Amino acid sequence: MSVDRILPTPEAHDLLDLVRELAAKEIAPRAAADEAAGRFPRDLFTLLGSSGILGLPYAEEYGGAGQPYEVYLQVIEELAGAWLAVGLGVSVHTLSCFPVSAYGGAAQRAELLPSLIGGELLGAYCLSEPQSGSDAAALATRAETDADGYLVDGVKAWITHGGVADFYTLMARTSGEGARGVSCFHVPAGLDGLSFGVPERKMGMRSSPTAQVRFDGVRLPPESLIGSPGQGFRIALAALDGGRLGIAACAVGVAQAAFDVASAYARERRQFGSRLVDFQGLGFMLADMATSIAAARALYLEAARLRDAGRSYGTRAAMAKLYATDMCMKVTTDAVQVLGGYGYVEDFPVERHMREAKVLQIVEGTNQIQRLVISRAVARGNAQ
Amino acid sequence: MNIVVCVKQVPDTATERKLRSDDKTLDRDAADGVVNELDEYAVEEALRLKEAHGGEVTVLSMGPAKATETIRKALAMGADKAVHLSDDALRGSDALSTSYALAETLKKIGFDLVILGSESTDARTGVLAAMLAERLGTPQLTLANKVEVDGSAIAIQRVTDYGYDKVEASLPAVVSVVEKINEPRYPSFKGIMAAKKKPVETLAIGDAEISADQVGLASAWSEVVDFAAAPPRAAGTVVKDEGDGGVKAAEFLASKKFV
């Protein structure tokens, strides 16, 4: 059952129709098998790229689709509902393109953006390190300036698309300690000294490689720098504000997918002569699930509309990420409960949804970090 | 090369399809309209021929106003322009009068090659390509799973029960395609946006010099006298294996022409 969406333009409806068709025919049917086999669906990203879906929020003059976040995020929601590895992959790719789009110089944008968002290439975003997760400003990867540009040494951790991406958006230290010593770089795959760890063995999202990205004397030309020296941490946080909305949209998509299965099951399955949904215990549980999904969708869309209107939206994005991912964990857990034993086995997708949900409470700022962001806004008196 | 692809809007096969109780024609409001699936292969083949040989792809669709959705889909895939033959007088046309109306329109708009799906998922007569070729006085190359054009020569592989026939002709010609011929592309978002700006010419029967007395329900050579819902699926045949199960299974498959 498709969600009734209010979209700003007729073309946005056409876009969502296209995405739903791709999701139903090309993405969802492969999710279970490829997740079980740990097979990365690179070809699906190629298909999404040729369909124009890898550069939705970016400017048309560079080959993007010029879509507002309000629309882009609902696309992410639909993709994630079909298969989180794909929806989150598109979100991470979009995040990886953001620094060049928002902070790159005119020449850099003209040279790099068309290929980054044009559909052929897939991006990765390198901020976290083994010892620097939530405390991202403590990152230790160094980019030393020399006569030819930069020499990069260090290890990035938990990198989505690590080893399969075509470019890596890197945050590395160019001067002293703390946030102000960080700069942002564009790193194409294939450079000497760039290598990857064995992909992590994850609870969910097993088809999407997450790996260490190792820089061992990687040489970057001066034009690899995005923005100005020392601006990297600010760029990283700005990228994450948008990225968090992507994760919120993913969470709503996964929760909706689990709810669709659970509610259909509850309407069909009979025990003691009645449909499950007609037992108040389960009917109320499903009512709470539906309500919280709708609330989370409304919250991420409100944050998106703030962003689209050029307003400050970081706190609202943190709220959306926090609420939507906690909601997703609860709803997918309840979906497994509705299906009982059937929910716990791989014959139904809800156990996968539940495993997928967990990572969303962790990535792009744990939900504790989201609370920190929100509480700091409260302390400043502008949490809205 | 001037290629015209005939596309038809049909009720979605995934939804419940109905006939109208009053005149026993298809109830087009009862189900979502989609592009006839085989016509997507026809559009894809036309686009591939254009990409290889140059020229222009025109979509031709006969149907009510709602059929513009189908036309837009074909344009979004990459066709250049469209002609929409739409007139209340055409409602209820059978295959013969449909072929007449389309042929008259094709004569008016001109073509080197006409491509269509080998049948529609609603009426499933599968005769339109042959009728069109006859009315247009061109060769018919039907049930193609491969099409090759070389200058004014055209050759297809015609799918048969035993393999395929190689059929050759010269342009202009009418070709119908089967689903094995290609893998239709998805429209891109940019294609969808571009489709809104592509020209769609809407013709009434008078514009294409189609006689009202040769089309529509009243002129149909066939008449639906009565109809009934399909009976629910009956229980299958159970074959007990008494050492000859394999033989019986093979006989069953052979009787259905699966082997």
Side-chain angles (χ1 to χ4, degrees), chain A residues 1-2 4 7-30 43-68 71-76 78-79 82 86 90 94 114 117-120, chain B residues 7 9-16 31-41 43-44 47-48 50-51 59 61 65-79 82 84 117 121 179-200 232:
Chain A
M1 189 184 64
S2 72
D4 188 16
L7 295 165
T9 57
E11 76 214 28
H13 281 282
D14 291 339
L15 173 62
L16 265 294
D17 283 345
L18 171 65
V19 169
R20 272 190 286 264
E21 185 180 3
L22 290 168
K25 290 188 183 164
E26 302 290 337
I27 301 173
R30 285 173 46 184
D43 60 318
L44 287 182
F45 289 93
T46 302
L47 174 64
L48 291 172
S50 66
S51 302
I53 290 166
L54 290 189
L56 286 177
Y58 295 116
E60 288 176 85
E61 64 173 309
Y62 299 114
Q67 289 300 301
V71 174
Y72 154 70
L73 290 173
Q74 297 191 70
V75 168
I76 295 289
E78 292 281 353
L79 294 174
V86 174
V90 174
T94 307
I117 64 181
E120 295 282 309
Chain B
V7 300
Q9 186 175 52
V10 295
D12 190 344
T13 49
T15 57
E16 193 187 352
D32 288 340
V34 298
V35 183
N36 178 46
E37 195 183 337
L38 276 166
D39 298 349
E40 292 189 22
Y41 294 82
V43 173
E44 176 65 35
L47 294 173
R48 289 184 186 196
K50 178 196 156 178
E51 282 155 13
V59 175
S61 188
K66 197 178 151 192
T68 49
E69 299 159 11
T70 288
I71 290 170
R72 290 286 169 207
K73 171 95 190 264
L75 292 173
M77 286 174 73
H84 183 188
T121 54
E179 74 277 2
K180 289 192 190 79
I181 193 164
N182 57 40
E183 188 65 44
R185 69 194 68 185
Y186 286 96
S188 70
F189 183 44
K190 286 193 175 69
I192 291 169
M193 309 263 273
K196 293 178 194 301
K197 299 184 185 114
K198 290 178 177 174
V200 179

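Within every chain, numbering begins at 1; the chains are lettered A, B, ... in the order of the sequence lines, protein sequences first and strands thereafter. What you see is a predicted model, and the numbers here were worked out from it, not measured in a lab.
Heavy-atom minimum distance, A/Leu18 versus B/Phe189: CD2-N, 3.8 Å. Taking both residues in full, the closest heavy atoms of A/Ser50 and B/Ser188 are given as O-CB, 3.4 Å, listed atom of the first, atom of the second, then distance.
In this structure, B/Met193 CE and A/Thr9 OG1 are separated by 7.5 Å, a value rounded to the nearest 0.5 Å. With rounding to the nearest 0.5 Å, the separation of CD in A/Glu26 from OH in B/Tyr186 is 3.5 Å.
Ion pairing between B/Lys196 and A/Asp14 holds under the 4.0 Å rule for side-chain N and carboxylate O.
Within 6.0 Å of CD on A/Glu120 lie no more than 12 heavy atoms contributed by other residues, nucleotides or ligands. Surrounding CD of B/Glu37 are at most 12 heavy atoms belonging to other residues, nucleotides or ligands under 6.0 Å away.
If you measure heavy-atom distances from A/Leu47 to chain B, the contacts under 4.5 Å come from the side chain alone. Heavy atoms of A/Ile53 lying under 4.5 Å from chain B are absent altogether.
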